[in-house]
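Residue numbers start from 1 in every chain, and the chains themselves are labelled A, B, ... in the order their sequence lines are given, proteins ahead of strands. Quick note: numbers below take in every heavy atom, side chains included, and nothing from hydrogens, waters or symmetry partners.
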Amino acid sequence: RKEVEQDPGPFNVPEGATVAFNCTYSNSASQSFFWYRQDCRKEPKLLMSVYSSGNEDGRFTAQLNRASQYISLLIRDSKLSDSATYLCVLGTSYGKLTFGQGTILTVHP
Amino acid sequence: NAGVTQTPKFRVLKTGQSMTLLCAQDMNHEYMYWYRQDPGMGLRLIHYSVGEGTTAKGEVPDGYNVSRLKKQNFLLGLESAAPSQTSVYFCASSLGSGAYNEQFFGPGTRLTVL
């Protein structure tokens, strides 16, 4: 079983739609949780960290359920510029990161 | 402030050739990492360093060596390249290893081994 599992998609949604991505993880020792964004042929960039209490950054909301080992990302009012691959990422010792395979999102007019 | 830079950006090797990928960061970060990314897979950690003069193995270290002689540089070497090492290689750095320290990535090196 992969350490981090994501639905690879692709998700194709119209502008203005709300879309949700889910991620499950198997390593209960994971210390920190993130969503990274990766544009085509570019490097990953941090979108947001995910905290146990849940957190929101503008149109983006992230949730963490440690008991179920489940992380989610909600994007409201999708923009064309949100088209990218979204990576679910776990942090462990020494700052090491474990990446999911990513979920592809395409927002169309 | 260039952040994290990688050289070269692209490279084509023949099986058995050797090469070194250079990663440089100007943010005075202690921690540096090398990842590879293959189609349909997440990034996988090859090697990492927790400070100048230190290196450690990650998830997929076989076939690679690394060195961190200067704090700002982290080198990844392929002694005898194999087609299975065709991949996109990303370097990253972070200030520390605290739970929510952000990793900053370089633009990547696209390597093809024929």
Can you list, pair by pair, the side-chain donor-acceptor contacts under 3.5 Å of residues 18-31 of chain B, counting residues two or more places apart and other chains?
| residue | atom | partner | partner atom | Å |
| --- | --- | --- | --- | --- |
| B/Q25 | OE1 | B/M27 | N | 3.1 |
| B/Q25 | OE1 | B/N28 | N | 3.2 |
| B/Q25 | OE1 | B/H29 | N | 3.1 |
| B/Q25 | NE2 | B/H29 | O | 2.9 |
| B/Q25 | NE2 | B/K71 | O | 3.3 |
| B/D26 | OD1 | B/G3 | N | 3.0 |
| B/D26 | OD2 | B/A2 | N | 2.6 |
| B/N28 | OD1 | B/K71 | NZ | 2.9 |
| B/H29 | ND1 | B/S93 | OG | 2.8 |
| B/H29 | ND1 | B/S94 | N | 3.4 |
| B/E30 | OE2 | B/K71 | NZ | 2.9 |
| B/Y31 | OH | B/S97 | OG | 3.3 |

Pick from B/Q103, B/M41, B/Q37, B/R44 with the largest number of heavy-atom pairs that fall under 4.5 Å of chain A =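 Looking at each of B/Q103, B/M41, B/Q37, B/R44 in turn, B/Q103 comes out on top.
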Which answer fits A/K42, side chain, backbone, both or neither, if we ask what part of it has an atom under 4.5 Å from a heavy atom of chain B?
->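 The answer is the backbone of A/K42.
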Interchain contact, A/Q38 with chain B, by part (heavy-atom threshold 4.5 Å) |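 Just its side chain gets close to chain B.
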Hydrophobic cluster identity match, [X] and [Y], side-chain contacts under 4.5 Å:
| X | Y | result |
| --- | --- | --- |
| B/Y35 | B/V4 | no |
| A/W35 | A/V107 | yes |
| B/V88 | B/I46 | no |
| A/F34 | B/L95 | no |
| B/L69 | B/V50 | no |

Answer with side chain, backbone, both or neither: which region of B/E59 has an atom nearer than 4.5 Å to a non-hydrogen atom of chain A?
->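 Neither; nothing under 4.5 Å.
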Which bit of B/F104 is near chain A, if near means a heavy-atom gap under 4.5 Å: side chain, backbone, both or neither?
->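 Looking at B/F104, nothing touches chain A.
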Could you name each residue pair satisfying ring pair (Phe, Tyr, Trp, His ring centres under 6.0 Å) that touches residues 73-97 of chain A, not counting sequence neighbours?
->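 Residue pairs with at least one partner in residues 73-97 of chain A: A/F21-A/Y86.
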To the nearest 0.5 Å, how far apart are CG in A/L97 and OH in B/Y33?
->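 Between A/L97 CG and B/Y33 OH, I get 7.0 Å after rounding to 0.5 Å.
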Rounded to the nearest 0.5 Å, what's the gap from CG on B/L43 to CG on A/L87? Could you check?
->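 The CG atom of A/L87 is 7.0 Å from CG of B/L43, to the nearest 0.5 Å.
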Neighbours of chain B found in residues 43-52 of chain A - heavy atoms under 4.5 Å |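 Those residues of residues 43-52 of chain A which have a heavy atom under 4.5 Å from chain B are A/E43, A/P44, A/L46, A/S49, A/V50, A/Y51.
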Note, A/R41 side chain near B/R110 side chain (heavy atom, < 4.5 Å) |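 Side chain of A/R41 against side chain of B/R110, heavy atoms only: contact under 4.5 Å found.
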Side-chain touch B/L45/A/F99, heavy atoms, less than 4.5 angstrom |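 Of all side-chain heavy-atom pairs linking A/F99 with B/L45, none is under 4.5 Å.
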What residues, two or more places apart in sequence or in another chain, satisfy side-chain contact (heavy atoms from CB on, under 4.5 Å) together with B/Q6?
->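 For B/Q6 the side-chain contact (heavy atoms from CB on, under 4.5 Å) partners, ignoring immediate neighbours, are B/W34, B/F90, B/C91, B/P107, B/T109.
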Can you establish whether the number of heavy atoms outside B/E52 located under 6.0 Å from its atom CD is more than 12?
->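 Counting other residues, nucleotides and ligands, CD of B/E52 exceeds 12 neighbours.
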